[in-house]
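Along the sequence shown, residues carry numbers from 1. Read the numbers this way: they start at 1 and go in the same order the structure lists the ligands and their atoms.
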Amino acid sequence: MALPTIVASGNGTSALATGIRILKRGGSALDAVEACARLVEADPNDKTVGRGGHPNVLGQVELDASIVDGTSRAAGAVAALRGYLYPISVARAVMEKLPHVMLVGDGAARFAREIGAERARNLTASTAKEWRAQLRAIGETPASIRKRKDLVSRVWKMAIDELGTVNFLAIDRRGRIASAVTTSGWAYKYPGRVGDSPIVGAGNYCDSESGAAACTGFGELAMRLLTARVAVERLSRGASAGRAARSAIEDANGIASPGTRLSIVVLAKDGTHGAATTREGVRYTFMTSVMSEPATKPRALVPRTSTK
Ligand code: ASP
């Protein structure tokens, strides 16, 4: 049986000790990944997740999150959720309290209110300032952009290369696997844009029989390829975690356009893990129940070579 282990994208490092504490006292993988995700969601300094995450083109912070229980294969997700502090917990409540998997937008916010989820003003002074600076650079103001009927051209000008997400994959003492992904998505996106993070199978997937996988980067790639699901499928067919991660990025490279990028973390049910990326210098992080602090490792680099 694998040691209790959590694997995360690099920006999850500071949450790992909390998750491992839960696993060490016999807590579930599901509780561990949710607790880790909540810590990053509440951190206003992570501009890619939760409170303090980048807003859409209109200055609204729309959050996406999903959680998967690899043992029951139940899943819950929210997308384009506004005004709540812990999208991952709302996603978990969708899984546990409704006969549904995913809620979006106003429906997700209505449900969050109904279950008494904690509200938050997710646009911080610092992300509001950056949004206004981006607007200024394209000759807009908050008032002018809100009045516009045409946002398409603005999004092409604004939607810069600022993405990010946090991934957590965990195995508990009983060998149960769970995964959580949460994000504010693509900075200055078109309102209502949903990425791969809340799409079960695209940005997040796990199965206690095989392992778990989750993505960061251009969600549009992972959504088209069902990247996380395919990676877990490869584990089930005997690929190592490292091989499953590299193949996932090779697949993405086959359809990627210039400037896009994708990264993946993979955890196999025996506790081995791997990660791959299209971009140099991206690391991932992990911690097991016998480690006193998290460790980080470089991801395998699978650069895009085609000119497509
Ligand atoms: N995958 C996320 C999305 O497309 C963003 C990211 O991880 O960089 O929304």
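Contact record, Cys215 with Ala222: SG-CB, 4.1 Å, taken as the closest heavy-atom pair. When every heavy atom of Arg299 is checked against every heavy atom of Gly10, the shortest pair comes out as NH2-N, 4.3 Å.
With sequence neighbours excluded, the residues forming a side chain to side chain contact (heavy atoms under 4.5 Å, CB included) with Leu135 are Trp131, Glu140, Pro142, Ile145, Met158, listed by chain and number. When the ring pair (Phe, Tyr, Trp, His ring centres under 6.0 Å) test is applied to Phe286, the partners found at least two apart in sequence or on another chain are His273. For Ala75, the side chain to side chain contact (heavy atoms under 4.5 Å, CB included) criterion is met by Val68, Val101, Val200, not counting sequence neighbours.
Among protein residues, Leu163, Gly164, Thr165, Gly185, Arg193, Gly195, Asp196, Ser197, Thr216, Gly217, Gly219 come within 4.0 Å of ligand 1, judged on heavy atoms.
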Inset, instruction - Start with the C-alpha distance between Arg38 and Glu118, add both sets of side-chain angles, then the distance that settles salt bridge (charged side-chain N to carboxylate O under 4.0 Å, His left out), and finish with yes or no. - result: CA-CA 12 Å; Arg38 284 169 64 99; Glu118 194 167 334; 5.3 Å; no
